[in-house]
**Q** 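Once you've had a glance at the structure underneath, I'll fire off some questions.
Within every chain, numbering begins at 1; the chains are lettered A, B, ... in the order of the sequence lines, protein sequences first and strands thereafter.
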There are 2 protein chains.
Amino acid sequence: MGDARALLMSGVPELLILRLLAEREMYGYELARAVRTATHDAISLGEGVLYPALHSLELGGLLRARRRRAAGRTRVYYSVTAQGRRRLAFLASRWRRIAAAVETALAGPQHA
Amino acid sequence: MGDARALLMSGVPELLILRLLAEREMYGYELARAVRTATHDAISLGEGVLYPALHSLELGGLLRARRRRAAGRTRVYYSVTAQGRRRLAFLASRWRRIAAAVETALAGPQHA
DNA sequence: CCGTATACCTCGAAAGACGAGGTATAGTAC
DNA sequence: GTACTATACCTCGTCTTTCGAGGTATACGG
């Protein structure tokens, strides 16, 4: 057993990214902040997670990227495609199923 | 994105195994059934997940194994060590933190 | 001109989930 | 006695993903 770096986090970055971008178009750095805000600092996606995830999601057709210049900087803005929204719905539903199941198991046998 | 095999499941097998074995000593097959029961069939751990996990947990000192003969069969019973219980507490707390964070994010901005 | 914040990126290591496949025994049906 | 099913354990290779560390470049305040 490693000391649990990625433990319990698989799929969570993808889910959060899709969820927050479904709300509004954002660029990477902004999205990183949004994740922290939306989770009250409970979850923070490092850049080594965020950028590869964004690229992979774009490649998979779940996100669309476009470069825009703002404040003299070039930013890459991402928005969710129709396919991305379907994926979000799938992931959210799967999350709820697993979360409920784990919750039930953690609660333990309600000594009948 | 692959088609979501292990998606959102990282750490969950370990957490469920520790949780259920903390309740009572069990052997592998029994544990597999217990996982299904405890999660109302929402989660089922395949043997390719279960046995390697049990071995790894035993190796890490979180579980203790002992072979027992019952009904003409040799079964390997596992119980949770003190260290295993500490690990369970850690994982459960981490789970709750992440689950709450994801839940919050999924709920979305409660338009102030 | 220098430090800090912004903004993007890539790499390698590590871990773990999973399906498929493999062995062997006990009990039941024919 | 033979076939089938359930029990019970195991391992292997594949695949995906998270993560920290490290790298580049620009804007801006002092």
**Q** Between A:Thr81 and A:Gly61, which heavy-atom pair has the shortest distance, and what is it?
**A**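 Taking every non-hydrogen atom into account, OG1-O, 2.6 Å.
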**Q** Measure the distance from CD on B:Glu14 to C1' on C:dA14 and round it to the nearest whole Å.
**A**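 Rounded to whole Å, this separation is 15 Å.
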**Q** Measure from CG on B:Leu50 to P on C:dG16 and round the result to the nearest Å.
**A**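 One finds 15 Å between P of C:dG16 and CG of B:Leu50, rounded.
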**Q** Using the salt bridge (charged side-chain N to carboxylate O under 4.0 Å, His left out) rule, collect all pairs that involve residues 31-59 of chain B, keeping only residues at least two apart or in two chains.
**A**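 Residue pairs passing salt bridge (charged side-chain N to carboxylate O under 4.0 Å, His left out), neighbours aside: none found.
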**Q** Quick one: pull up CG in A:Leu18 and CG in A:Leu91 and give me the separation to the nearest 0.5 Å.
**A**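 Answer rounded to 0.5 Å: 6.5 Å.
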**Q** Using whole Å, report how far CE of A:Met26 lies from C1' of C:dC8.
**A**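 It is 17 Å, rounded to the nearest whole Å.
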**Q** Once you apply a heavy-atom cut-off of 4.0 Å, does B:Arg67 come out as touching a base, just sugar-phosphate, or nothing?
**A**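 The answer is nothing, as B:Arg67 stays clear of every strand by at least 4.0 Å.
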**Q** Using whole Å, report how far OH of A:Tyr27 lies from P of C:dA5.
**A**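 Whole-Å distance recorded here is 15 Å.
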**Q** Okay, side chain of A:Glu30, backbone of A:Tyr27: is any donor-acceptor separation there less than 3.5 Å?
**A**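 Yes.
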**Q** Could you give the CD-to-P distance, from A:Glu30 to C:dA5, as a whole number of Å?
**A**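 Interatomic distance, CD of A:Glu30 to P of C:dA5: 19 Å.
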**Q** Within a strict 4.5 Å, meaning less than it, do heavy atoms of the B:Leu31 and B:Tyr78 side chains meet?
**A**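 A side-chain contact is absent here, since even the closest heavy-atom pair is not under 4.5 Å.
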**Q** Could you tell me how far apart A:Leu8 (CG) and D:dT17 (P) are, to the nearest whole angstrom?
**A**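 After rounding, the gap between these two atoms is 17 Å.
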**Q** Counting only side-chain nitrogens and oxygens, does A:Tyr51 get under 4.0 Å of the OP1 or OP2 atom of C:dC8?
**A**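 Checking A:Tyr51 against C:dC8: at least one side-chain N or O falls below 4.0 Å of OP1 or OP2.
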**Q** B:Arg69 and B:Thr74: side-chain donor and acceptor closer than 3.5 Å?
**A**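 Judged by distance alone, the side chains do pair up.
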**Q** Please tell me which of the listed nucleotides, C:dC8, D:dC9, D:dC10, lies nearest to the side chain of B:Tyr29?
**A**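 The listed nucleotide nearest to B:Tyr29's side chain is D:dC9.
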**Q** Output the rounded distance in Å from CD (B:Glu58) to P (D:dT11).
**A**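 The distance from CD of B:Glu58 to P of D:dT11 comes to 11 Å, rounded to the nearest Å.
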**Q** Go along nucleotides 19-30 of chain D 5' to 3' and tag each nucleotide: B for a protein heavy atom under 4.0 Å from its base, S when only backbone or sugar atoms are that close, - otherwise.
**A** BBB----BS---
**Q** Could you tell me whether B:Glu103 and B:Arg96 make a salt bridge, using a distance below 4.0 angstrom between a side-chain N and a carboxylate O?
**A**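 No, this pair does not count.
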**Q** Does D:dT11 have OP1 or OP2 under 4.0 Å away from a side-chain N or O of B:His55?
**A**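 So the side chain of B:His55 is within the cut-off, an N or O lying under 4.0 Å from OP1 or OP2 of D:dT11.
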**Q** To the nearest angstrom, how far is B:Arg36 atom CZ from D:dA6 atom C1'?
**A**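 Rounding to the nearest Å, CZ of B:Arg36 and C1' of D:dA6 are 12 Å apart.
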